[in-house]
Student: 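For reference, the structure I am asking about is given below.
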Amino acid sequence: MTTYGLGIDTGGTYTDSVIVDMGTDKVICFNKALTTRHDLVEGIRNSLGGLDRTLLEQVTLTSLSSTLATSSVVENKRASVGIVTIGKEFDDPSRPQHYINITGRFRMNGEEEIPLDLDTAAEALAKMRGHVDALAVAGYLSVRNPAHELRIAELADEILGVPVVCAHALTSQLGFAQRTVTAVMNAGLIPIIHELLDSVKTVLREFNVSSPLMMVKGDGSLMNSETASRRPVDTILSGPASSMMGAMAMARVKDALVIDMGGTTVDLGLIRNGLPRIDEEGACLGGRRTRVRAANVSAFGIGGDSRILVNGRDIMLSSVRAIPLCIASRKWPSVREAILELSSVTDDRSPDNGLEGDILQETELFTLGGNRSTEGLGHLDVAFLGMLSEGPMRASEAGRRLSTSPHAFSLARMEERGNLIRIGFTPTDVLHAAGTYVEHDRETALVAADYLSRKCNVPLERFLEIVQDRIVCRIASCVMEKAMLGDSGTGELSTEDRAIIDRTLHPVSEDYALQFRLRTPMVGIGAPVCTWLPPVAERLGAELILPEHSSIGNALGAICGSVVEVATVSIRADSENLSENVGCRVFSGKGIRSFDNQQEALDFAKEEASRMALEAAIASGAVNPEVEVSVEETIVELCSNKRFFRGAEVCARATGKPDFS
């Protein structure tokens, strides 16, 4: 009997869906629809609406991938989060306003060193009431003893009544700053992932799909929707990880550089020996290291929806996302009218302010975002948002109506908060203006391109060539950087490496030129790759694989994975005891156990790690998961040539297919 799986990918621009024969991995049917950030249900409904409804009702498993979590972190668009740290300050430049550090501390052996200051905690939490949507709690050495975090969580439940995230529940690894960042991200993403999951469930009910709902994690494995709603931070890099799974399934390669180009970012990840390369230190996103187990994917701020602006005479590519004009004009006729008015406008002004966030363009309008809260905004910003309820509008028009400068509006801040969304000229518009890709409104894109070309005093054809060349160079530099980082094993390029990239893509001498040859095949995933990647591959001397269904690779990858849960238990030998049969303590994150010798401790740790991984896999939707256990011991060898056990990390990995029932 044929079993059907439904894969859904909610990206920054498109929501893709595909029905797959689970026995043969054959694509039966697929569809694409625009992602509607203001109401996710609409885009998901439009995507599923193009599939065979009879087959939809036979689906036995639905799996979802999404870039929403990644984009929310990169664009800093998350819920308002309060933080309570215990025993150590959280010195982070992006630390939220509602933050308190209280006294309380444990030693490395899990014993309490400083009691918890509950009175200060209660007072701080009371001040946060009504101002935060979620709370993150992170205690120094809480992975050794989580008692303080758990007590603050209980207190927060009583006072705040919002979701509370404890750092020890997300990771058993040491590293206070990374654990705190992870907890803060998780807390801020809870409302976003709840909205996504609720939207998907709503549409599945409409189409009579009653199968279990899974979601792709950042390492390419799956978890059920219940686990995802508690641990949304695990969905960071879900979209890119899903694209890597889809690339392996379609291209049938064991080694490749996967390039997933979406609306907001270009995501690059390496496949080695048939598996995504995992970032063992934890995913790094927005320049911040987390403790999230994820594929080693690098997200670069260039995509089909990246903002293109002209600053005086300079053409700039921005990582800020904008709704392409060619798409917006179909949804809002007023956008088309506003842009077509520019066909007779000349603009030879002196250079704009060099700060990207302060540059206003007549080719850009704004529309309302999903966040309708105006708390903390000035009266002019509130008035501007009120005007946007009538439809998209330029900031200059709002300024004229309010008799103020358009620079008086906090546009960048409202954009970050999700109060408004920018509509502007993007790489998607470039393709439409050039006639390369004309699925949407070409005329609007062409008029905008012509206006911007006049603004920077460049003929239209040359303007489009310059912009396309810069986009190709940007993508090529991202590929070179990823390849170099993968080869070096470091997290940052050297000055020499960056010079090689710059000299390769931007020659400065007539006498010589550098050439770069990528020996690993490139596999392209995403709708724009057929246009942008061939010239990139040509510049880098790379083999390019564009699978038949590359445009829906993420949705296909979403249905290909298994449930994988990892649990780690730590063992530490008694610090003063250098005997061959030393006493040990075992730390599982749930409690502390003492043993008279290391063998007893190892036996217990293996059993406990296996139990924890098995329980987590079943809770995440696995059926009959299998467990593998690995042990990494710490041994000290003294000058007497004697070896002494000092500790161990016991890791259990439980793997199983999703439960279709």
Side-chain angles (χ1 to χ4, degrees), residues 74-75 263-266 300-326 338-339 342-366 394-396 399 405-407 409 411-412 415-416 422-434 436 444-478 480-481 498-499 501-510 528 532 535-536 539:
V74 171
E75 299 171 12
T264 310
T265 60
V266 167
F300 297 89
I302 176 68
D305 296 352
S306 295
R307 181 190 185 202
I308 298 172
L309 60 156
V310 173
N311 182 16
R313 300 288 187 243
D314 188 23
I315 302 168
M316 300 171 58
L317 298 180
S318 167
S319 60
V320 171
R321 177 185 178 272
I323 301 175
L325 290 167
C326 60
I339 299 302
L342 299 176
S343 59
S344 59
V345 174
T346 58
D347 192 332
D348 56 355
R349 294 175 300 168
S350 59
D352 294 294
N353 189 315
L355 297 176
E356 178 187 317
D358 293 335
I359 298 172
L360 296 176
Q361 297 196 139
E362 291 300 289
T363 51
E364 293 187 336
L365 297 88
F366 295 88
R394 292 189 182 100
S396 58
S405 166
H407 292 283
F409 303 120
L411 298 175
E415 205 169 9
E416 285 183 4
R422 189 183 301 264
I423 300 168
F425 194 70
T426 68
T428 302
D429 293 300
V430 172
L431 297 181
H432 279 74
T436 308
T444 296
L446 190 59
V447 170
D450 185 54
Y451 171 83
L452 292 174
S453 71
R454 296 198 308 273
K455 181 178 178 182
C456 61
N457 198 29
V458 173
L460 173 61
E461 185 175 346
R462 180 58 184 153
F463 171 79
L464 292 173
E465 289 176 354
I466 292 172
V467 176
Q468 290 181 83
D469 183 71
R470 291 190 181 181
I471 294 169
V472 169
C473 282
R474 175 74 68 84
I475 298 171
S477 71
C478 297
M480 293 177 69
E481 180 173 336
R498 294 200 177 278
I501 293 175
D502 186 59
R503 291 293 178 91
T504 299
L505 299 176
H506 308 287
V508 295
S509 173
E510 296 181 358
W532 296 116
V536 172
R539 291 194 183 207

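Note that these values count all heavy atoms, side chains included, but never hydrogens, waters or copies made by symmetry. Small disclaimer: the values here were computed from a predicted structure and weren't measured.
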Student: Of the non-hydrogen atoms in Pro427 and Gly303, which two are nearest, and what is the gap between them?
Tutor: CG-O, 3.2 Å

Student: Holding to side-chain contact (heavy atoms from CB on, under 4.5 Å), I want the full list of residues that pass it with Asp469, two or more places apart in sequence or in another chain.
Tutor: Cys473, Arg539

Student: Nearest 0.5 Å, what's the CD1-NE2 distance between Ile501 and His506?
Tutor: 10.0 Å

Student: Hey, is the main chain of Cys326 close enough, under 3.5 Å, to the side chain of Asp429 for a donor-acceptor pair?
Tutor: yes

Student: Report yes or no: does Gln361 contribute a side-chain atom to a donor-acceptor pair with the main-chain N or O of Leu309 at less than 3.5 Å?
Tutor: no

Student: Do Met480 and Leu505 come close enough that some side-chain heavy atom pair is under 4.5 Å?
Tutor: yes

Student: Do you know which two heavy atoms are closest between Glu364 and Ile359, and how far apart they sit?
Tutor: OE1-O, 4.5 Å

Student: Show me, pair by pair, the donor-acceptor contacts under 3.5 angstrom made by side chains of residues 456-465, not counting sequence neighbours?
Tutor:
unit_1 : atom_1 : unit_2 : atom_2 : d
Arg462 : NH1    : Glu465 : OE1    : 3.3

Student: Where do Pro406 and Ala395 come nearest, in terms of heavy atoms and distance?
Tutor: CB-O, 3.6 Å

Student: For the pair Thr428 (side chain) and Gly304 (backbone), establish whether a donor and an acceptor sit closer than 3.5 Å, ignoring hydrogens and angles.
Tutor: yes

Student: To the nearest 0.5 Å, what is the distance between CZ on Phe300 and CZ on Arg474?
Tutor: 10.5 Å

Student: Taking the side chain as every heavy atom from C-beta outward, state whether Leu411 and Leu360 have any pair of such atoms under 4.5 Å apart.
Tutor: yes

Student: Could I get the full list of ring-ring contact (aromatic ring centres under 6.0 Å, His included) partners for Phe425, not counting sequence neighbours?
Tutor: none

Student: Are the side chain of Arg394 and the backbone N or O of Ala338 linked by a donor-acceptor pair below 3.5 Å?
Tutor: yes

Student: What are the two closest heavy atoms between Ala322 and Gly424, and how far apart are they?
Tutor: CB-N, 3.8 Å

Student: Nearest heavy-atom pair of Asp305 and Pro324: which atoms, and what distance?
Tutor: OD1-CG, 3.3 Å

Student: Compare every heavy atom of Phe366 with every heavy atom of Arg422, then report the nearest pair and how far apart it is.
Tutor: NH1-CZ, 3.6 Å

Student: Any chance you could lay out the side chain to side chain contact (heavy atoms under 4.5 Å, CB included) test for Thr265 and Ile302, step after step, and finish with the verdict?
Tutor: CA-CA 5 Å; Thr265 60; Ile302 176 68; over 6 Å; no

Student: Is Ile339 close to Leu365 at the side-chain level, that is, under 4.5 Å between some pair of heavy atoms?
Tutor: yes

Student: Taking Arg313 for the side chain and Lys455 for the main chain, is one N or O donor matched with an acceptor at less than 3.5 Å?
Tutor: yes

Student: State, yes or no, whether a side-chain contact exists between Leu325 and Thr426 at a heavy-atom distance under 4.5 Å.
Tutor: no

